[in-house]
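Here is the structure we will look at, set down as structure tokens.
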Amino acid sequence: MQRFALIGAGLIGSLHARNLFRHPKVSLDVVADIDLAKAQVLAAEYGAQAFAIEDVFTADIDAVLIASSTPTHADFVEQGARAGKAIYCEKPIDLDTRRAEQAVTAVREAGVLLMIGFNRRFDPSHAALKEVVARGELGKIELVQMTCRSQETPLMAYIGASGGQMRDQAIHFFDLLCWLTEDLPVEVHVMGEALSDPRIGEAGDVDTSIATLRMASGALVQIDCTRRTGYGYDERVELFGAEGMAESRRQPHRHLSIYKGDKQTNDGLHADWLKRIESTFYEALDTFLRRLNGELVDFPNADAALRAQRIADAATESLQACMPVALRWV
């Protein structure tokens, strides 16, 4: 039984609390938040103790799950590393890649386990794509198409603190891309506009974008992202290879079709992103636990975190400069 502290009692923190509580190999002992009252409410719901954040890393725990606001992640990662705790941290480690690298250095020096919350890897359909590629069924990958279209524009307060669409939304798909193809991009070109809300443009960001990437293998990639649809949360991945194509399709909230006369009616997509991907958070946690318990399982580690962040940085640079940006990997 691994004893956990959870930092962050907001929306994502509450989701993680539910998963920690119901996992058979976890004891949720501590909940902390910058707002102690929020921590107390969440802790009481699951029979945990509410701590001030400064007391978390001296608690009698094995691991810490960091689900607080992004600007706090790097500091908490470093504190967790110094305390010798295993760390599960929501993405990103920090919006500044150099700061994220400092936190990763602390983790490596301490020799503790660090997993980053790139939960899209744990979507069953996306994971099945990985298995297809690993078996060589598609041959050499030549084209990749990815879609991430959120159902509703976030609050402007969130947009302003998000780091921009490339670092907030597209970064999940930069990680998926490298993981699925076992390849690295060498060039990225991004075009974007603020089409759903002009305030996003005024804040220096976009809500609609297309990123094209050239991989080291020569494969070509297109990733389209939007902050708002009129029809629900829309996510899919297609891999086109020399010998075949595989697709993780759009998923309706049910699989009901009604046939009447000469018309067919089908269920639509999930109403929001959380309903579509909620199960992936539990699967990610389970993988973290399995690794903590000695299994050699694949998981998004510090290298993956920094790699995706470097791609997001280059994508942001390309978007702002309106030109392709090269990526070089040592």
Side-chain angles (χ1 to χ4, degrees), residues 11-12 15 90-92 117-129 143-181 185 188-201 203-213 220-240 245-255 265-281 308 311-312 315-316 318-319:
L11 172 65
I12 297 302
L15 171 59
E90 276 296 335
K91 66 84 188 168
F118 283 130
N119 58 298
R120 296 308 201 287
R121 293 192 188 193
F122 302 96
D123 178 274
S125 299
H126 297 346
L129 278 184
L143 283 172
V144 180
Q145 303 275 354
M146 293 177 152
T147 290
C148 178
R149 301 174 186 169
S150 292
Q151 76 289 346
E152 186 177 18
T153 303
L155 297 174
M156 285 305 301
Y158 177 86
I159 292 288
S162 70
Q165 192 177 48
M166 296 301 104
R167 295 188 177 100
D168 175 52
Q169 188 179 13
I171 193 170
H172 278 288
F173 294 83
F174 297 147
D175 174 69
L176 263 185
L177 172 64
C178 297
W179 179 66
L180 287 170
T181 63
V188 58
H189 189 189
V190 182
M191 293 183 290
E193 292 288 344
L195 299 178
S196 66
D197 191 333
R199 294 177 301 166
I200 294 178
D205 196 12
V206 300
D207 53 41
T208 308
S209 64
I210 295 177
T212 56
L213 302 94
L220 301 177
V221 180
Q222 177 175 289
I223 305 172
D224 73 82
C225 292
T226 68
R227 291 288 196 183
R228 179 266 293 134
T229 73
Y231 58 90
Y233 180 74
D234 187 353
E235 176 172 320
R236 74 178 184 93
V237 180
E238 178 189 293
L239 302 178
F240 174 90
M245 185 272 284
E247 181 183 20
S248 174
R249 295 194 299 269
R250 297 177 169 93
Q251 295 185 14
H253 70 97
R254 295 182 308 181
H255 292 271
T265 304
N266 298 314
D267 282 327
L269 303 180
H270 289 84
D272 60 57
W273 64 272
L274 185 56
K275 290 183 174 62
R276 165 67 175 81
I277 67 170
E278 184 171 1
S279 65
T280 66
F281 287 92
I311 300 168
T316 301
S318 172
L319 176 63

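Position 1 is the first residue of the sequence; numbering continues from there. Predicted model, so just to flag it, every value in this text is computed and none were measured.
In plain terms, the two heavy atoms of Tyr233 and Ser150 that are nearest each other are CD1-CA, 3.7 Å. Here the shortest heavy-atom pairing between Gln165 and Ser209 reads OE1-OG, 2.8 Å. Scanning both residues, Met166 and Ala312, for their nearest heavy atoms gives O-CB, 3.6 Å. Annotation for Gly201 and Ala194: closest pair N-CB, 3.4 Å, computed over non-hydrogen atoms. Between Phe118 and Ala308, the closest heavy-atom pair is CZ-CB, 3.7 Å. Counting all heavy atoms, side chain and backbone alike, Thr153 lies closest to Ser196 at OG1-OG, 3.4 Å.
In this structure, OG1 on Thr316 lies 11.5 Å from CD1 on Ile311, to the nearest 0.5 angstrom. Taking CD of Gln145 as the reference point, atom CG of Leu220 lies at 10.0 Å (rounded to 0.5 Å). Thr147 contributes atom OG1, which lies 3.5 Å from atom CG of Asp224 (distance to the nearest 0.5 angstrom). Here the SG-NE2 distance, from Cys148 to His172, works out to 8.0 Å after rounding to the nearest 0.5 Å. From Asp267, atom CG reaches atom NE2 of His253 across 4.0 Å, with rounding to the nearest 0.5 Å. The CG atom of Asp234 sits 5.5 Å away from the CG atom of Leu269 when rounded to the nearest 0.5 Å.
Counting non-hydrogen atoms of neighbouring residues, nucleotides and ligands closer than 6.0 angstrom, the CD atom of Glu193 reaches no more than 12 such neighbours. Environment of CE in Met191: sparse, with no more than 12 heavy atoms of neighbouring residues, nucleotides or ligands closer than 6.0 Å. Few gaps surround CD on Glu247; more than 12 heavy atoms of other groups in view lie less than 6.0 Å from it.
Side chains of Arg227 and Asp168 form a contact here, defined as non-hydrogen atoms less than 4.5 Å apart. The side-chain heavy atoms of Pro185 and Val221, taken from C-beta on, include no pair separated by under 4.5 Å. Residues Leu274 and Leu15 are in side-chain contact: their nearest non-hydrogen atoms beyond the backbone lie under 4.5 Å apart. Proximity of Gln169 to Ser162: side-chain heavy atoms (C-beta onward) are nowhere separated by under 4.5 Å. Contact of the Met146 side chain with the Leu180 side chain is registered, since non-hydrogen atoms from C-beta on lie closer than 4.5 Å. Residues Ile277 and Glu235 form a side-chain contact, since some pair of their non-hydrogen atoms from C-beta on lies under 4.5 Å apart. Side-chain contact between Glu238 and Leu129 is absent, with no heavy-atom pair separated by less than 4.5 Å.
Pairs engaging residues 156-166 under the salt bridge (charged side-chain N to carboxylate O under 4.0 Å, His left out) rule: none recorded [sequence neighbours left out].
Applying the ring pair (Phe, Tyr, Trp, His ring centres under 6.0 Å) rule to His270 yields no partners; only residues at least two apart in sequence or on another chain are considered. A search for side chain to side chain donor-acceptor pair (under 3.5 Å) contacts involving Glu90 returns His16, not counting sequence neighbours.
In this structure a side-chain-to-backbone donor-acceptor pair under 3.5 Å is present from Asp207 to Leu195. No donor-acceptor pair under 3.5 Å is formed between the side chain of Thr226 and the backbone N or O of Arg149. Using modelled atom types, one side-chain atom of Ser318 and one backbone atom of Val190 make a donor-acceptor pair closer than 3.5 Å.
Looking at Arg120 and Asp123, no side-chain N of the basic residue comes within less than 4.0 Å of a carboxylate O on the acidic one, giving no salt bridge. Using a 4.0 Å cut-off between charged nitrogen and carboxylate oxygen, Asp205 and Arg167 do not count as a salt-bridge pair. Using a 4.0 Å cut-off between a side-chain N of Lys or Arg and a carboxylate O of Asp or Glu, Asp175 and Arg121 qualify as a salt bridge.
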Test side chain to side chain contact (heavy atoms under 4.5 Å, CB included) on Ile200 and Met156; report intermediate values, then the result.
CA-CA 7 Å; Ile200 294 178; Met156 285 305 301; 4.0 Å; yes
